[in-house]
Amino acid sequence: MADETAIVETAPPEVGRDFIREIIQADLDSKRVSKVVTRFPPEPNGYLHIGHAKSICLNFGVAEEFGGRCHLRFDDTNPTKEEQEYIDAIKRDVHWLGFDWGEHLHHASDNFEQLFAWAEHLIRTGFAYVDDQSQEQMRASRGTLTEPGKNSQFRERPVEESLDLLRRMRAGEFPNGARVLRAKIDMASGNINLRDPVLYRILHASHPRTGMKWCIYPSYDYAHGQSDAIEGITHSICTLEFEDHRPLYDWFLEHLPVPARPRQYEFAKLMIKNTVLSKRVLVGLVREGHVKGWDDPRMPTLAGLRRRGVPAAAIRDFVRRTGVAKANSVVEVPMFEHSIRELLNKTALRRMAVLRPLKVVIENYPEGKGEELEVVNHPDDPAAGTRRIRFGREIYIEYEDFMENPPKKFFRLSPGTEVRLRYAYFITCKEVVKNAAGEVVELRCTYDPATRGGNAPDARKVKATMHWVAAVDAVNAEVRIINELFERAPDPDGDLGAALNSNSLEVLQGCMVEPALTSANTDAPVQFERQGYFYRDADSAPGKPVFNRTIGLRDTWAKVRTG
RNA sequence: UGGGGAAUAGUUCAAUGGUAGAACAUCGGACUCUGACUCCGAGAAUCUAGGUUCGAAUCCUAGUUCCCCAGCCA
């Protein structure tokens, strides 16, 4: 996996503290808590994406930094949306990102029995009741943002009756939606979460872990805080939209005989410009077949990024750079790209690959002659070693490295100019061969045998160094260029297909790559010199490698060229 | 006309009553066997209006703008 490189952690370990870490430090200093316990609580209703990475890094990160621990807890309270596949994928992705929950794999469903007992406790103490109202009636009586709600006619029903009905709900006597258990708080509260929220609803559905054992399931609000308390979570970190759930979170802890009192803190989730992280949309892309799966390299999922070749350490570094705060913000993509390039530049071995080949015949190179050149695997890292590549009379260069009528600042090959073939020789273009359509199909060049290795004895300079692959050596490969998935922001309720970028995946066939790319270290990220970072795709077949372009190198020539 | 949050360079995050700083991005320049990397330099911000104070991004008052909440989703 791309994470082989994760050992090279480029980030300084501590870059100032965010408000969460300050709170934890203060709690430790004041002895309010003796050991920090956090949790990452995904709902297994889809794959993890880069937005989740921020929460994972925060929760596991602070636990690590303060000598505590972090649990992985599945918030599996809605069996109509959750699947085992997602549970497995989430575990895999958290591990890949570089974190370990050790013995602390938990599920909200582990607590179903206790939560039910506590529900009875709330009824007995007069803080919960079974409501027979229909969903529509409940909505109508909840009031609006500016008007208070009205009490349900079942709100004051006898404790024994509610107790009996709740048990019969559990026993499966009623169909979906027939009744719910509600907390008795305040229908006039300005905070709508406190207007007698639902604790249990009837759902005759099979649960990935409990099967058909239950047909009533606790709501998020009812399950989350109590699960935190049961697990001994000290700091329950979640995103901003749960801020007005905090009074309810605290209400349950106050009204129940819980073993601990966790506290909830909220931070702004990670958003990235032009990147869709809506789970609904991501599910739709997969279900409707707009992408090849959750790990399609165009997806912002951790699985997709991994397949694309983005190292876990780069994601961690990016997340660290974006900081933790309470203001909604949208990070620009180049910040992410910087983290990827910075890591890959240090770790990726260099290789040569020609994406759009143009054949070059070196006229003064003897027919039948061949030779090997020893070249470095990483110019800045001698420890990366060397490899041997072959040179010959026929080679391929990049089509766009040649221009018959070059503009002013074009340094590369054109008729009459001399350039360096990286690690090899200087060559000069003597003749351009075209097909009937007038397209350049071949170049006739000469080389200077004295420049072997890439330097001229007379110290003359060339303005460009180009990558190349010898025809005798070339392995045919497929290269996939990944572009933005969406052309415009999709409407989650509308036609996803209509918003897609029709050019989100460019497939290049007939690429010519050096043979080292088919043998050793095939699972490590590589740099195709002068082009970018690439990662071997799982679709590779023997003798026919497939590469995803993780990200291109910065290209200032592209800017000059396009003005 | 409800409740809960947030406002600092283009972007993200610092500065916790005492010189507004960093990263990314942008623009110059140097270097270069990757038009990469690296290095050097530049421009660029406290939402507004009052007030307190020797001194305010920070405290107070009044506004403005943006985000979240009316699921038996999480």
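A, B, ... follow the sequence lines: proteins, then strands. Residue 1 opens every chain.
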Worksheet item: Can you tell me how far P in C24(B) sits from the matching atom in C40(B), rounded to whole Å?
Response: 12 Å
Worksheet item: Given the P atoms of A9(B) and A44(B), what is the spacing between them in whole Å?
Response: 14 Å
Worksheet item: How far does CG of Asn176(A) sit from CD1 of Ile202(A), to the nearest 0.5 angstrom?
Response: 7.0 Å
Discussion item. Heavy atoms only, 4.0 Å cut-off, all strands: where does Val180(A) land among base, sugar-phosphate and nothing?
Written reply: base
Worksheet item: Roughly how many Å is it from NE2 in His107(A) to C1' in A74(B), rounded to a whole number?
Response: 16 Å
Item to complete: Using the P atoms only, state how far A23(B) lies from U48(B), rounded to an integer number of Å.
Response: 26 Å
Item to complete: Could you tell me whether Lys279(A) contacts a base, only the sugar-phosphate backbone, or nothing, with contacts defined as non-hydrogen atoms closer than 4.0 Å?
Response: nothing
Worksheet item: Partners of Asp493(A) by side-chain contact (heavy atoms from CB on, under 4.5 Å), sequence neighbours excluded?
Response: Arg280(A), Asp491(A)
Discussion item. Among residues at least two apart in sequence or on other chains, which ones pass side-chain contact (heavy atoms from CB on, under 4.5 Å) with Cys238(A)?
Written reply: Phe242(A), Gln264(A), Glu266(A)
Discussion item. Any salt bridge linking Glu418(A) with Lys463(A)? Criterion: basic side-chain nitrogen under 4.0 Å from a carboxylate oxygen.
Written reply: no
Worksheet entry | Residues that His107(A) engages under ring pair (Phe, Tyr, Trp, His ring centres under 6.0 Å), provided they are two or more places apart | Phe74(A)
Worksheet, complete the sentence: Taken in chain and number order and not counting sequence neighbours, the residues that satisfy side-chain contact (heavy atoms from CB on, under 4.5 Å) with Glu400(A) are Glu398(A), Arg412(A), Arg561(A)
Worksheet entry | Rounded interatomic separation in angstrom, taking CD from Glu22(A) and C1' from A15(B) | 11 Å
Discussion item. Within the 4.0 Å heavy-atom criterion, would you say His467(A) contacts the bases, only the backbone, or no part of the nucleic acid?
Written reply: nothing
Fill in: Ring-face cation of Arg549(A) near Tyr533(A) (centre distance under 6.0 Å, axis angle within 45°)
no
Practice prompt. Determine the interatomic distance between C1' on U53(B) and the same-named atom on U61(B); round to the nearest Å.
Written response: 16 Å
Worksheet entry | Selected nucleotide, minimal atom distance to Glu43(A) side chain, candidates U16(B), C73(B), C37(B) | C73(B)
Discussion item. Using a 4.0 Å heavy-atom cut-off, does Tyr200(A) contact any base of the nucleic acid, only the sugar-phosphate backbone, or nothing at all?
Written reply: nothing
Worksheet item: Which nucleotide in the list C13(B), A15(B), G4(B) gets nearest to the side chain of Ser329(A)?
Response: C13(B)
Item to complete: Could you pull out all residues at least two apart from Glu85(A) that satisfy salt bridge (Lys or Arg N to Asp or Glu O under 4.0 Å)?
Response: none
Discussion item. Could you tell me if the side chain of Trp468(A) sits less than 4.5 Å from the side chain of Asp401(A), heavy atoms only?
Written reply: no
Discussion item. Judged by each residue's nearest nucleotide on RNA chain B, which is more toward the 5′ side, Pro379(A) or Asp244(A)?
Written reply: Asp244(A)
Pair up each side-chain donor or acceptor in residues 267-276 of chain A with any protein partner under 3.5 Å, not counting sequence neighbours, and list the distances.
unit_1	atom_1	unit_2	atom_2	d
Lys269(A)	NZ	Glu241(A)	OE2	3.3
Thr275(A)	OG1	Lys273(A)	O	3.1

Discussion item. As a test of reading the structure: which of A7(B), G5(B), G35(B) is closest to the side chain of Glu243(A), going by heavy atoms?
Written reply: G5(B)
Fill in: Residues which pass ring pair (Phe, Tyr, Trp, His ring centres under 6.0 Å) with Phe40(A), listed by chain and number, not counting sequence neighbours
none
Response to the item:
From the candidates U12(B), G3(B), U34(B), the one with an atom nearest any side-chain atom of Asn191(A) is G3(B)
Worksheet item: What nucleotide, of A74(B), U16(B), A6(B), holds the atom closest to the side chain of Lys326(A)?
Response: A6(B)
Worksheet item: Does G35(B) have Trp557(A) stacked on its base, where the ring centres are within less than 5.5 Å and the planes differ by under 30°?
Response: yes
Worksheet entry | Assigned glycosidic conformation for G71(B) [threshold 90° from 0] | syn
Practice prompt. Remember a base hit wins even if backbone is also touched, and classify Gln527(A) as base, sugar-phosphate or nothing at under 4.0 Å, heavy atoms.
Written response: base
Response to the item:
Per the under-4.0 Å heavy-atom filter, residues of residues 127-137 of chain A near RNA chain B come out as Gln133(A), Ser134(A), Gln135(A)
Discussion item. At under 4.0 Å between heavy atoms, how does the protein contact nucleotides 21-26 of chain B? Give one character per nucleotide, 5' to 3', with B, S or -.
Written reply: --SSSS
Worksheet item: What integer number of Å spans the P atoms of U58(B) and U46(B)?
Response: 12 Å
Discussion item. Does the structure place the NZ or CZ of Arg179(A) under 6.0 Å from the centre of the six-membered ring of Phe174(A), at an angle of no more than 45° from the ring's axis?
Written reply: yes
Practice prompt. Just compare G5(B), C67(B), U34(B) and give me whichever is closest to any side-chain atom of Glu529(A).
Written response: U34(B)
Discussion item. So Val462(A), base contact, sugar-phosphate only, or nothing? Heavy-atom distance under 4.0 Å.
Written reply: nothing
Worksheet item: What nucleic acid atoms does Phe410(A) come within less than 4.0 Å of, heavy atoms only: base, sugar-phosphate, or nothing?
Response: base
Worksheet item: Got a sec, which residues hit side-chain contact (heavy atoms from CB on, under 4.5 Å) with Ser162(A), two or more places apart in sequence or on another chain?
Response: Ile123(A), Tyr129(A), Val130(A), Arg157(A)
Discussion item. Please tell me if Thr556(A) has a side-chain N or O lying less than 4.0 Å from either OP1 or OP2 of A36(B).
Written reply: yes
Item to complete: Kindly write out the residues that satisfy ring pair (Phe, Tyr, Trp, His ring centres under 6.0 Å) with Trp251(A), not counting sequence neighbours, or none if the list is empty.
Response: Phe127(A), His255(A)
Fill in: Inter-nucleotide P distance (G10(B), U64(B)), Å rounded
25 Å
Worksheet item: According to the Watson-Crick and G-U wobble definition with distances under 3.5 Å, which dot-bracket string, read 5' to 3', encodes RNA chain B, using [ ] for crossing pairs and | for pairs with another strand?
Response: .((((((..((((....[..)))).(((((.......)))))....(((((..]....))))))))))).....
Practice prompt. Using the closest heavy atom to pick a nucleotide of RNA chain B for each, name whichever of Gln531(A) or Arg246(A) lands nearer the 5' end.
Written response: Arg246(A)
Worksheet item: So what does Asn455(A) touch, heavy atoms closer than 4.0 Å: a base, only the sugar-phosphate, or nothing?
Response: base
Worksheet item: Within less than 4.0 Å of OP1 or OP2 of C73(B), is there a side-chain N or O belonging to Arg201(A)?
Response: yes
Practice prompt. Between A45(B) and A15(B), how far apart are the C1' atoms? Round to whole Å, please.
Written response: 13 Å
Discussion item. On the nucleotide A74(B), are OP1 or OP2 found under 4.0 Å from the side-chain N or O atoms that Thr77(A) carries?
Written reply: yes
Item to complete: Give a yes/no on whether any side-chain N or O of Arg142(A) is located under 4.0 angstrom from OP1 or OP2 of C72(B).
Response: yes
Discussion item. Give me the distance, rounded to whole Å, that separates G43(B) from C27(B) when you measure between the C1' atoms they each carry.
Written reply: 8 Å
